Amino acid sequence: MQQLNIGIFGFGCVGQGLYFAIKNSTGFTTTIKKIVVKNKDKERSIDANYFSFDKKDILEDEEINVVVELIDDADEAFNIVSTAIKKSKHVVTANKKMLGLHMEELLALKNKYNVSLLYEASACGSIPIIRTLEEYFDNEELECVSGIFNGTTNYILTKTINENISYHEALKNAQAKGFAETDPTSDVEGFDAMYKTIILSLHAFGVILKDVDLLRFGITTLHPNDILFAKENGYSIKLVPTIKKLADGKIAAYVLPKFVTAENHLSKVDNEFNGVLVEGLISGEQFFMGRGAGSHPTGAAVLSDISALSYGYAYDNKKMQQHNKPSFTNDVAIKVFVSSSNKNFLNKIILQNIQENVEAADYFYKIGEINVGDLKAILETDVRKEIFVVAI
Ligand SMILES: NC(=O)c1ccc[n+]([C@@H]2O[C@H](COP(=O)([O-])OP(=O)(O)OC[C@H]3O[C@@H](n4cnc5c(N)ncnc54)[C@H](OP(=O)(O)O)[C@@H]3O)[C@@H](O)[C@H]2O)c1
């Protein structure tokens, strides 16, 4: 077993969860040499000697062989992680935004410097989904990976649908409970789920997706009548990123709310929980559920990565090495429900094979098929703020 001397960046929600996990681990010991944080005036719950405010105290310490990056600033995280890798230090991170935006550069860097970069906590918190895709499903072709990757939106959707409280009240509750940030944009607009989609696509299909290529739609325009429609038809509404292999072998991926039937495992994933459905060509459907965020669950996932480093673990990115590596496409038709309070905006969404087209006094909806690329294009206009879209 390799002796690990770790330097940690960040001692917030996840950093403190990691500290708790290390102190309460039964079988694993490691030395925390330094913790670099930002705010000099903040009171700390552990010995002040751990802390520094100068990143060089970790990055230029040759005894530190593992950098654990747990800060809330994706740009600075990228600087820290790149520098650490260039200094031949292994890295563990929970930063999905940094990974989602810089996956290609980070992969190239870790390969060039021959270090390990692990990030189990970055996608679906304590659900061990990355290592499951990377190791267990390394040789099996997957057909689809989808799920509930964001706890904040799932909490809001659960409360609005199951408990009849308004979107804004549910968001306020989520913020009060610490599930949502003061600025919830990344969660409710689907960015957070999109970064996780990029991370999981790499390990499930060997494809590096680009954020600008992905159809992404959140839950901010959910209307009470959308909820009524869902309930009347026996659905729940969940934000369900989907990555799937098409008949032509290409990969389609998008982040959209979805009507979920009671038989679907995801319908039982409520509140801040996450769930992942993995459909293998040979093994069939597998379902994983757990806490997608929070101090201790996320800290436990980070600890698991650090522990894996002690026996030399690295992602091999096996799916990237397959012969017929698939390419990404938005050229696929999906069935959607689209609604609006303004008929003019709804008319701008052109659906094929329309199954329903309902007009009430101040609420309009239709159901039909649309090409993902076409939907993405229209959602890049003002129409986005005036409609709600749900995949069926
Ligand atoms: N919270 C979760 O449940 C969760 C789950 C999965 C992944 N993540 C990811 O984990 C990361 C950390 O999230 P968090 O919730 O722990 O954030 P947080 O509670 O806001 O804590 C952020 C920490 O980063 C430190 N920091 C910020 N900028 C810094 C800099 N330039 N140099 C050094 N330290 C800096 C802060 O220092 P001060 O203490 O001095 O302010 C603080 O300790 C994020 O990437 C997040 O997306 C979080």
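Because the structure is predicted, anything quoted here is derived from the model rather than measured. When reading the values below, keep in mind they use all heavy atoms of this one structure, side chains included, and skip hydrogens, waters and symmetry mates. Atoms within each ligand, like the ligands themselves, are counted from 1 in listed order.
Not a single heavy atom of G125 sits less than 4.0 Å from an atom of ligand 1. For K55, the closest heavy-atom approach to ligand 1 does not fall below 4.0 Å.
Within the 6.0 Å centre-distance limit, the rings of Y119 and H203 are counted as a close aromatic pair. Checked against the 6.0 Å centroid criterion, the rings of H102 and F78 qualify as a close aromatic pair. For F273 and Y155, the distance between ring centers is not under 6.0 angstrom.
At a heavy-atom cutoff of 4.0 Å, ligand 1 is contacted by the side chain of R44 but not by its backbone. Contacts of T298 with ligand 1, taken as heavy-atom pairs under 4.0 Å, involve the side chain alone. By the criterion of a heavy-atom distance under 4.0 Å, the backbone of A121, and not its side chain, is placed next to ligand 1.
Any N or O atom pair closer than 3.5 Å counts here, and G292 shares no such pair with ligand 1. Any N or O atom pair closer than 3.5 Å counts here, and D73 shares no such pair with ligand 1. Taking distance alone, with nitrogen or oxygen atoms compared against 3.5 Å, G15 stays at or beyond that limit from ligand 1. The N/O atoms of S122, backbone and side chain alike, include none that comes under 3.5 Å of an N/O atom in ligand 1. Polar contact check, S295 against ligand 1: no nitrogen or oxygen pair lies under 3.5 Å apart. Residue F11 has at least one N or O atom closer than 3.5 Å to an N or O atom of ligand 1.
Shown here, atom 36 (C) of ligand 1 is out of close reach of the protein: none of its heavy atoms lies under 4.0 Å off.
Geometric assessment of R384 against the ring of F345 yields a negative cation-pi assignment under the 6.0 Å and 45° thresholds. By the 6.0 Å and 45° rule, R216 stacks over the aromatic ring of F191.
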- [ ] Under the ring pair (Phe, Tyr, Trp, His ring centres under 6.0 Å) rule, what do F149 and Y195 come out as? Steps first, then yes or no, please.
- [x] CA-CA 10 Å; F149 300 172; Y195 299 135; over 10 Å; no
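Salt bridge D270/K238: present, at least one basic N to carboxylate O contact under 4.0 Å.
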